[in-house]
Structure formats: C-alpha cells, structure tokens
Amino acid sequence: MMDQGDLFDPNYQDWNCGIADLKELRFATAREKLHKYGESTGDWATVEVYGDIAGFLQTGLGEIDNEAPEAPEAYWELWEKLAQRAAGMKIPDPSLLNDLRRNYFRKAVGVVERLGMTEHPRLPGNLPLGLLYGEAGDWDRAIASLQACLPTAANNADLYAYLGDAYLRRGEREVARRCYLEACLVDPGGIDWERLMDRELISLRVYMEESGREKKGEEGSDLRVPALAWLPARAYVAGIFKPKIIRLKDEFKTFVDDFQALEKRFLKEKDHALGAALFFRGIIICDNERALRLVKGMDFADIRARMREINPPLFADYLRVIKERKKKQKPG
C-alpha cells in the first residue's frame, strides 16, 4: 500500500478515493478507482481484497427487493455472509469494515423507514429492529427498540444481551452489566456469545471453558454447557456482576417462588446446569436478606447451606467476596 508520504501522488488519490467510495457504498466507482490504482502500482493483492468486498456487496444488494417486507432481514443475512467471508481475508485495514458496516446498516434502516416498519420492534423473520439501529450506530433507538421487544419474547436472553451491548456502546457499562446479568438469569446458553461485546465476560467464558474449573462428569465430556452454566456465579465472584437488589415485594416473592421450584427440580434430577442456576439465584436472594425476612418458609442459612452443598469451592470464593465487601463498608 502507498506510504503516507505520498499523499499527493495520483496513485494514492486513486486509492484514497476508492476506499472512500467503498465506505459510502458506491461500489462501482470504488472498484473502478481501486483497479486504476492496481494498474499503476501492481499492488493487486490489496486491490483484490477490497474489490472482493465491493463486488460481493454490490451483487448481493442488487438482488434485494427494497420494496419487500423481507428486505431488512435480507440486509442482515447479506452482512452476516460478508462477515464470514471477511474472516478468511487478510484485510490491510480492519477498521474499514466498521465504517462500511455503519453506512451499510444506515441504508438498511432507511429501507425500514421507507417501508413504514419502525413501529414494529421485530421485523419479518423475527429480526429485532434494535439490532439494525445498533449496527448503524444509533444506540438510543437501539435501546428503545430492544426494550420494546423484551415483553414479547418468552426466552429473551439474547435480547437482554443485545440490550447490554447497546448500553455498553453508549458508554454505560454498569447498566450494560445489569442487562447481561438478566440475560444469564434467563439462560446463559441462550446468549449470542459470538456477538457479545463485554470483553471481561468473554475472557471469563474462555478461561472457564479452557480450564474446566467447574468440570463435572466423565473425561471428554462437553465442557461448554457446564462452563456457561457456572459463568454467572463466577462473574459475580469476579466482581463483573454487582449485587442485584430487588426492591418490589411482589417481584422478590416471584423470584423466591422460582428459586423454590428450581430447588425441587434440582433435588429430583441432580442436573449440573440446574445446580449452577440454583447457586446463582441463591447469591441474589442472599443479597436481599432484609426482604427475605418477610418471606415465610425461607431461611437465609438454609440457602447458603444449599449453595455449599452444590459447589463447595465456589461457595468458599463467594464467602471471601462477601467478607471483603463488608470490610469496605465499615466506617473508618
């Protein structure tokens, strides 16, 4: 590629204009200018990479009917195919894809607006409209649209995670992590981990899968499900998740009822994932000890005993975290 010192070289101008056209989705002129740059410099390897991206999107977009209700989903699927394609390429400037993606999805949002579909939080194909807003860099509309999706979804772990990503991109990490916690309460395995943006959570997941710290069962068993099942509790112990305080009495009563129903299932089935879910919910109930005193038939000590029974090493780590927290809360 051209050196920065050659800014006024005609070849550099062809290159720079070609990349600018590519980012702005002017694929035909982008390919033309990049080809001209290749003819002048012989740098066909670089031209081929960007030319492939331009050609792929130009062809794909040409096949989408922008007047059809399925158009937004087609935009989403085309970009997913490009992302897979780009993963196998040696792209000289990876940041180009970020600029290109933003403009691409702004175009997709424009199609949604023209079709009059902005009032629907889910588009045809069950695609959350908030994902398109987010990819276009409009985090405010992404958050509002994803929040509107939540009540309509039975298993909404992915939606809570997408919402967390939107808050994270807007610079609100603590709010984002409350959303990730809610996603884990629904189903940590239901999160779109390939898209998740919280690096600490991703690193924790990789560490747990590679180390097998929570491994149960026979040698050679799949560690992915156990790792994901225990990730919420580990994230709490690691300080990634903060205490979840439940202030509404009815909400807390519902949470306790769910805990008791889950405990009955665990005692009957002795399932590893159920035990992990029960442990994490025990953490949350213990963080709401004052509210627990108002619930008949539930004992703080019994909950902790159950947690110790399920996973003694993790329970010991949990107690250390609680002790450290109490030390910091003491005056002076």
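What's counted below: heavy atoms across the whole structure, side chains too, no hydrogens, waters or symmetry copies. Worth saying up front: this structure is predicted, and the values here are computed from it rather than measured.
Using a 4.0 Å cut-off between charged side-chain N and carboxylate O, R306 and E309 make a salt bridge. With salt bridges taken as basic N to acidic carboxylate O contacts below 4.0 Å, none links E289 and R304. Under 4.0 Å is where a charged nitrogen must lie from a carboxylate oxygen, and between E174 and R177 no such pair does. A salt bridge between R178 and E172 is absent, with no side-chain N of the basic residue lying under 4.0 Å from a carboxylate O of the acidic one. Salt bridge absent: E63 and K81 never bring a charged side-chain N and a carboxylate O closer than 4.0 Å. At a threshold of 4.0 Å, the pair D317-R234 counts as salt-bridged, since one of the basic side-chain nitrogens sits closer than that to a carboxylate oxygen. No salt bridge links K244 with D287; every basic N to acidic carboxylate O contact stays at or beyond 4.0 Å. Under 4.0 Å is where a charged nitrogen must lie from a carboxylate oxygen, and between D250 and K253 no such pair does.
In this structure a side-chain-to-backbone donor-acceptor pair under 3.5 Å is missing from S145 to R141. Checking side-chain atoms of Y180 against main-chain N and O of D165 turns up a donor-acceptor pair under 3.5 Å. Using a distance-only test at 3.5 Å, with no hydrogens or angles considered, no donor-acceptor pair links the side chain of R106 to the main chain of G137. With R281 contributing its side chain and A277 its backbone, the two residues share a donor-acceptor pair below 3.5 Å.
The heavy-atom pair separating A20 from R26 by the smallest distance is O-NH2, 4.2 Å. Among all heavy-atom pairs drawn from W139 and A166, the shortest one is CE3-CA, 3.8 Å. Considering all non-hydrogen atoms of both residues, A227 and E209 come closest at CB-CG, 3.5 Å. When all heavy atoms are compared, the tightest approach of L228 to G189 is CD1-CA, 4.0 Å. The nearest pair of heavy atoms linking W15 to T46 is CH2-CG2, 3.1 Å. For the pair L115 and E67, the tightest heavy-atom approach, listed with the atom from each and the gap, is CD2-O, 3.6 Å.
Put simply, the side chain of L292 reaches to within 4.5 Å of the side chain of F252, judged on heavy atoms. Residues E182 and L163 fail the side-chain proximity criterion, which asks for heavy atoms closer than 4.5 Å. In this structure, I246 and I284 have side chains that are in contact, with non-hydrogen atoms separated by less than 4.5 Å. A 4.5 Å side-chain heavy-atom check between L159 and P128 finds at least one atom pair inside the cut-off. Within the 4.5 Å cutoff, no side-chain heavy atoms of L123 are placed close to those of W76. Residues L78 and F56 are in side-chain contact: their nearest non-hydrogen atoms beyond the backbone lie under 4.5 Å apart.
By the neighbour-count criterion of 12 heavy atoms within 6.0 Å, atom CD of E269 is densely surrounded, having more than that number from other residues, nucleotides or ligands. Within 6.0 Å of CZ in R169 there are 12 or fewer heavy atoms belonging to other residues, nucleotides or ligands. By the neighbour-count criterion of 12 heavy atoms within 6.0 Å, atom CZ of R265 is sparsely surrounded, having that number or fewer from other residues, nucleotides or ligands. For E194, the CD atom is loosely surrounded, since the number of other residues' heavy atoms within 6.0 Å does not exceed 12. Other residues, nucleotides and ligands place no more than 12 heavy atoms under 6.0 Å from the CD atom of E119.
A cation-pi contact, defined as under 6.0 Å to the ring centre and within 45° of the axis, links K270 to F266.
F280 and W230 have their aromatic ring centers separated by at least 6.0 angstrom.
Summarising the geometry, atom CH2 belonging to W44 is positioned 9.5 Å from atom CG belonging to L34; distances are rounded to the nearest 0.5 Å. Rounding to the nearest 0.5 Å gives a distance of 8.0 Å between CE of M307 and CD1 of I310. Atom CE of residue M197 and atom OH of residue Y167 lie 16.0 Å apart, to the nearest 0.5 angstrom. Here the CG-OG1 distance, from L132 to T118, works out to 12.0 Å after rounding to the nearest 0.5 Å. Note that CG of L278 is 4.5 Å distant from CZ of F259, once rounded to the nearest 0.5 Å. With rounding to the nearest 0.5 Å, the separation of CG in L231 from SG in C184 is 5.5 Å.
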**Asked** So F255 and N288, side chain to side chain contact (heavy atoms under 4.5 Å, CB included) or not? Walk me through it.
**Response** CA-CA 11 Å; F255 194 90; N288 290 269; over 6 Å; no
**Request:** Could you give me the CA-CA distance, side-chain angles and deciding distance for L100 and Y50, then say whether side chain to side chain contact (heavy atoms under 4.5 Å, CB included) is met?
**Result:** CA-CA 11 Å; L100 179 58; Y50 292 114; over 6 Å; no
**Check against side chain to side chain donor-acceptor pair (under 3.5 Å), Y37 and N16** = CA-CA 9 Å; Y37 165 81; N16 198 40; over 6 Å; no
**Request:** For salt bridge (charged side-chain N to carboxylate O under 4.0 Å, His left out), just list the numbers for K36 and E39, CA-CA rounded to whole Å, side-chain angles, deciding distance to a tenth of an Å, and then say yes or no.
**Result:** CA-CA 5 Å; K36 187 176 179 181; E39 286 183 326; over 6 Å; no
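A donor-acceptor contact closer than 3.5 angstrom is absent between the side chains of D187 and Y160.
Using bins of under 30°, 30° to 60° and over 60° for the plane-to-plane angle, the ring pair Y318/F279 lands in the perpendicular bin. Taking the six-membered ring for Trp and thresholds of 30 and 60 degrees, Y104 and W79 have ring planes inclined between 30 and 60 degrees apart.
Under the 4.5 Å side-chain heavy-atom criterion for grouping Ile, Leu, Val, Met, Phe, Trp and Tyr, I245 is not connected to V256 through any hydrophobic cluster. Clustering ILVMFWY residues whenever any of their side-chain heavy atoms sit less than 4.5 angstrom apart, transitively, puts L267 in the very cluster that holds F315. Under the 4.5 Å side-chain heavy-atom criterion for ILVMFWY residues, a single connected hydrophobic cluster contains both I91 and I19. There is a path of hydrophobic side-chain contacts, each under 4.5 Å, that joins L319 to L314.
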